[in-house]
Structure formats: structure tokens, C-alpha cells
Amino acid sequence: MLPATDHRSKTVVLGITGGIAAYKAVDVCRRLLDSGLRVLPVMTEEATRFVAPLTFSSLASEPARVSLFGTADPIPHTHLAREADIVVVLPATANFIAKIASGLADDLLSATVLASTAPMVICPAMHTEMWEHPAVQRNVKTVKSFGVHIIPPENGKLAGGDTGIGRLVPVEVIVSKVLDILATLDNEQSAMGRRSTSNAGGGGDFHGIKVLVTAGGTRESIDPVRTITNRSSGKQGYAIARNAFSRGAEVTLVTTVDLPYPEGIQEIPVESASDMEQAVLQHAGEADVIVMAAAVADFRPAQVAGTKLHRTDGILRLELEPTPDILAEVAAAKRDGQLLVGFAAEVGMDESSARTKLHAKGIDLIVLNDITCASSGFGSDDNEVLILGAGGLRVEVPLSSKDEVSRRILDSVLSLRPSTMS
Ligand code: C5P
């Protein structure tokens with residue numbers, strides 16, 4: 001398995017400001033998504049006068065965000081800034097460019113831009129007189145000196161029937177610029193990854209924390225050809241690993257599936273519960289946080305046939321034996337300061353039995369999800385969970401992307417490790 005060297009696991013923060021060309025950002029959003037990117041739209045208040053947030057919310061990877069305040073997340077700008085592999089703003093108004101040039105952060109988009117260290121592309125669009133004003137030209141120059149990529153407007157039709165310089169460049173130009181920058185980033189990261197596979201030098205609120213994550217459903221052999229498995233896609237486990245890594249953790253991912261992951265995560269491919277047990281026990285001692293997101297088989301064939309079984313052999317009766325409970329083993333050997341997170345994939349949200357499991361397994365957090373819900377759980381890109389902590393913590397996460405769910409799980413982990421918070 002090779003780490004992803006293309007841009008498919010990358011996140012774009014798509015900023016939209018209040019100009020008539022805001023409607024073109026819808027097309028850019030669509031094209032970026034079609035290129036396999038994760039797109040998080042952030043609109044200024046003025047942009048919402050041109051295009052409804054609902055339009056972006058319906059298309060993008062997560063609902064459009066507008067405000068710094070009034071959401072469950074108290075610091076949305078820093079979370080967005082850390083998640084961004086690239087920030088793209090279109091159309092960029094004269095007002096927005098002025099704010100960035102002078103370091104103002106009076107709304108979610110400008111605060112996110114200032115908090116981000118990701119590459120940034122801005123695509124100005126405005127009337128010719130405004131574009132040519134010395135103040136605007138000075139601000140563009142200043143923003144450029146910060147390393148921001150500016151795609152200058154072109155000559156063409158403007159709002160109100162005017163013609164001149166100031167028209168937003170075609171959306172294809174913007175998308176191809178974004179993809180080019182991400183491709184360059186990929187190349188740089190692969191080169192860095194060849195030099196070092198550690199994230200230990202990075203910042204983030206998980207800096208200095210070693211996280212071990214399991215992902216995917218185990219496969220238990222019946223014979224050399226056939227296995228018993230389950231429907232787990234591994235997406236939630238990978239999302240947790242990616243989020244922990246982007247927040248500065250050193251991440252080891254024990255997985256039965258092959259999904260893209262950033263260079264720098266240590267991936268250990270396994271197949272059966274017994275392989276997973278071996279890999280987890282080998283790395284558990286050094287981990288500060290262990291998140292068992294894998295759907296480990298509870299039973300496996302007691303005997304594995306040495307050769308392929310044939311239909312002509314007649315009725316096949318399989319005897320199943322329980323697998324080792326990896327999480328319980330890790331909990332039994334848990335050291336001081338170590339934090340264990342388990343998952344409970346259940347039919348229905350039975351909070352009291354999840355709490356019982358939390359205590360019975362001796363773990364710190366349990367993430368309960370209802371696998372019968374069609375829009376969440378196995379295989380889906382979304383999840384709806386209830387996070388329960390041994391100390392009474394209770395966090396309801398409504399239907400959200402698995403990335404958002406990961407973020408909330410990791411926030412809950414940090415809330416139990418106050419000394420490590422940044
Ligand atoms: O007991 P139950 O299977 O519901 O517990 C689920 C949690 O325990 C998950 O975090 C899963 O990864 C873990 N588990 C395990 N070993 C097993 C079965 C489940 O570590 N054999």
C-alpha cells in the first residue's frame with residue numbers, strides 16, 4: 001500500500017466574498033469536489049446577499065459557515081485554518097483584499113485566512129475604477145508579498161453592463177491553479193516524507209501526543225480463499241488518523257483497508273483480529289491515546305481449512321470461536337495518563353448499555369453510533385454519534401461528515417487531557 005501522492009485527501013477552504021461573481025464560486029466548488037477534494041465553504045455576510053449559504057451547503061463537503069459565533073465550535077477559524085491544505089477566495093472584493101493587507105480579522109473568513117499557514121489563492125473581481133485605484137493596487141502588492149497567489153481579473157463584461165478590466169477569470173483557470181498548487185505540495189511532501197516520516201516537529205493541539213488508531217473491518221479466514229468480514233469501510237478510523245495528524249500528533253494507523261492518508265502517518269496493514277491484536281499490542285505501550293475505531297470480528301472460524309473447500313464436499317458447518325477482545329486487553333495493561341477510546345456500533349442509540357460497556361471495558365471514552373441509520377455509519381461519508389466519557393462527559397454529534405465527527409472525538413480526548421491543551 002502506498003500513501004496518497006495525489007490531491008484526493010486534501011481540504012480546500014473556499015472563501016466567498018460579496019461580489020456579483022459570487023455565483024461563479026458555486027461552479028468552482030462543484031469542480032473542486034469533482035476533482036476529489038474536500039471543500040469547506042466560508043462566506044462573508046455580504047456574500048450571502050448574492051448566493052444563499054444553502055447552495056454551498058447542499059453541494060460542499062460540509063455546511064457553509066458564515067459567522068465566528070453562534071455555532072457549537074467556539075474557535076471555528078483556527079479549526080478551519082488547520083484543516084485547510086489550501087485557501088481559495090473568490091471573488092475577492094477590494095474590501096477583503098484591504099482587510100488581508102492590513103491584518104484585519106473581523107469575520108470568520110478573514111480570521112481563518114490570518115490563522116492559516118496554508119497556501120492561498122485569491123481571485124479579485126470588481127469594477128475597473130476600483131481595481132485600478134492606487135489603494136487597491138497597493139493592497140494587492142502587499143498581499144502578494146505575503147506569498148499569496150493572486151489571479152488578476154481580466155478584461156470583459158462587468159456588472160451593470162460595463163466593460164473593462166475587473167472581470168473574474170474563468171472558473172477553469174481558478175480550478176487548474178488550485179490543482180497545480182496542490183500537486184506541487186504533494187511533490188514537496190513526498191520529498192519531505194522521504195527524508196522524515198515523523199510529524200513530531202509540527203505544531204497543533206496534538207503536538208507531542210502519540211495516537212494509535214485502528215480502522216476497518218477484520219477478515220477472518222475460512223479457507224485460503226474465503227473470509228468472514230463485516231461492512232466497515234474504515235472511513236471513520238482514517239478520518240480520525242488524518243485529523244490527529246493534522247493537529248500535530250504522531251499517528252500509527254493499524255488498518256484492514258487501503259484508503260489515502262497523508263505522508264507521515266505510520267500505516268500498518270493487517271487482516272484478521274489476531275493480526276490486529278499483535279500490531280496493537282506491539283504499539284500500545286508507547287501510545288498516549290488509542291482509538292479503536294475498527295470493527296473487529298467478534299467470532300472467527302475455529303478451524304481454518306488448509307485448502308480451498310469445495311461445494312462437492314457437501315454441507316459446510318462452520319464452528320466459530322470468539323476473537324480476543326483487543327480493547328479489553330489494552331485496557332487491562334493501561335498505563336497512567338493513557339487514554340482509551342472505543343466504539344459501540346449498535347442497533348439504536350442505547351445510551352445506558354453504551355455506558356455499561358464503557359465501564360466494563362475500563363476505557364475513557366466510547367463513541368456510540370446507530371448502524372441501522374441509512375445516512376450514517378458503515379460505508380457512509382457521514383456519521384451521527386454520541387460520545388460518552390467515564391467522568392460523565394456527554395457530547396451529541398448530529399449528522400456530520402466523518403471528519404467533523406473525528407474533530408469532536410479528538411476535542412473530547414483533549415478535554416480529558418487538559419494539561420496537553422495548547
Ligand atoms: O464489545 P464491542 O465489540 O461492542 O466493542 C466495540 C469496541 O471494542 C470497538 O472499539 C472495537 O474496536 C473493540 N473490539 C476489540 N476487539 C474485539 C471486538 C471489539 O478491540 N474482539
Side-chain angles (χ1 to χ4, degrees), residues 211-221 227-241 244 251-257 268-285 287 289-302 320-334 338-373 376-378 383 385-390 393 395 397 402 405-406 408-410 412-413 416:
V211 179
L212 174 64
V213 184
T214 64
T218 59
R219 290 182 293 280
E220 310 300 329
S221 292
T227 60
I228 297 179
T229 188
N230 58 64
R231 296 185 203 279
S232 171
S233 64
K235 287 179 184 174
Q236 186 64 75
Y238 271 71
I240 293 166
V251 180
T252 302
L253 175 62
V254 177
T255 174
T256 65
V257 294
I268 303 173
V270 294
E271 182 164 301
S272 65
S274 151
D275 300 338
M276 186 170 277
E277 179 191 28
Q278 214 184 320
V280 168
L281 295 183
Q282 193 186 333
H283 290 87
V289 177
I290 301 175
V291 185
M292 288 288 301
V296 186
D298 286 322
F299 297 97
R300 65 187 169 202
L320 302 177
E321 64 178 14
T323 55
D325 188 330
I326 307 168
L327 190 50
E329 284 180 47
V330 170
K334 187 180 156 185
Q338 202 171 35
L339 230 140
L340 306 183
V341 183
F343 273 67
E346 301 289 348
V347 173
M349 285 284 201
D350 186 346
E351 188 170 338
S352 75
S353 72
R355 273 215 182 272
T356 306
K357 191 177 286 185
L358 176 80
H359 296 299
K361 291 218 182 206
I363 58 179
D364 304 281
L365 283 177
I366 196 150
V367 182
L368 171 63
N369 67 328
D370 177 3
I371 49 168
T372 58
C373 187
S376 65
F378 286 154
N383 215 352
V385 305
L386 181 61
I387 305 168
L388 300 172
L393 178 90
V395 179
V397 187
K402 287 188 171 171
V405 170
S406 309
R408 301 296 296 275
I409 294 169
L410 295 176
S412 302
V413 166
L416 300 183

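It should be emphasised that the depicted structure is a prediction, and the values quoted were computed from it without experimental measurement. Just so you know, ligand 1 is whichever comes first in the structure, and atom 1 is the first atom listed for that ligand.
For atom 19 (C) of ligand 1, the nearest protein heavy atom (residue, atom name, distance) is Val296 CB, 3.9 Å. At the shortest separation from atom 16 (N) of ligand 1 among protein heavy atoms lies Ile326 N, 3.1 Å. Looking only at protein heavy atoms, the nearest one to atom 3 (O) of ligand 1 is Asp298 OD1, 3.7 Å. Of the protein's non-hydrogen atoms, the one nearest atom 4 (O) of ligand 1 is Lys357 NZ, 2.3 Å. Of all protein heavy atoms, the one lying nearest to atom 20 (O) of ligand 1 is Leu327 N, 2.8 Å.
Looking at Ala293 next to ligand 1, no N or O pair under 3.5 Å apart turns up. By the 3.5 Å distance cut-off applied to N or O atoms, Ala344 is not counted among the residues near ligand 1. The shortest N or O to N or O distance between Phe343 and ligand 1 is below 3.5 Å.
Contacts of Val341 with ligand 1, taken as heavy-atom pairs under 4.0 Å, are absent altogether. Only backbone heavy atoms of Pro324 (N, CA, C or O) come within less than 4.0 Å of ligand 1; its side chain stays farther off.
For the side chain to side chain contact (heavy atoms under 4.5 Å, CB included) with Leu212, the qualifying choice from Leu340, Thr252, Val291, Leu253 is Thr252, the only one to do so. When each of Val296, Val330, Ile268 is checked for a side chain to side chain contact (heavy atoms under 4.5 Å, CB included) with Val280, only Val330 meets the rule.
In this view, Glu329 satisfies the salt bridge (charged side-chain N to carboxylate O under 4.0 Å, His left out) rule with no residue, not counting sequence neighbours. Residues forming a salt bridge (charged side-chain N to carboxylate O under 4.0 Å, His left out) with Glu277 (at least two apart in sequence, or on another chain): none.
With hydrogens and angles disregarded, a donor-acceptor distance shorter than 3.5 Å links the side chain of Gln338 to the backbone of Ala287. Counting only distance, with no hydrogens or angles, the side chain of Thr255 and the backbone of Pro269 share no donor-acceptor pair below 3.5 Å.
Taken to the nearest 0.5 Å, the CG atom of Asn369 stands 9.0 Å off from the CD atom of Glu346. Taking NZ of Lys357 as the start and CD1 of Ile366 as the end, the distance is 5.5 Å to the nearest 0.5 Å.
For ligand 1, the atoms sitting less than 4.0 Å from at least one non-hydrogen atom of Thr323 are 21 (N), numbered in the order shown with element in parentheses.
Not a single heavy atom of Thr214 sits less than 4.0 Å from an atom of ligand 1. At least one heavy atom of Ala297 lies less than 4.0 angstrom from ligand 1.
For the pair Val385/Arg408, no side-chain contact is recorded, criterion being any heavy-atom separation below 4.5 Å from C-beta on.
For atom 12 (O) of ligand 1, the candidate residues are Gly342, Gly237, Ala294; the nearest heavy-atom contact is made by Ala294. Considering Lys361, Met276, Met292, Arg300 only, the shortest heavy-atom separation from atom 8 (O) of ligand 1 involves Lys361.
In this structure, Glu271 places its CD atom where more than 12 heavy-atom neighbours from other residues, nucleotides or ligands lie under 6.0 Å away.
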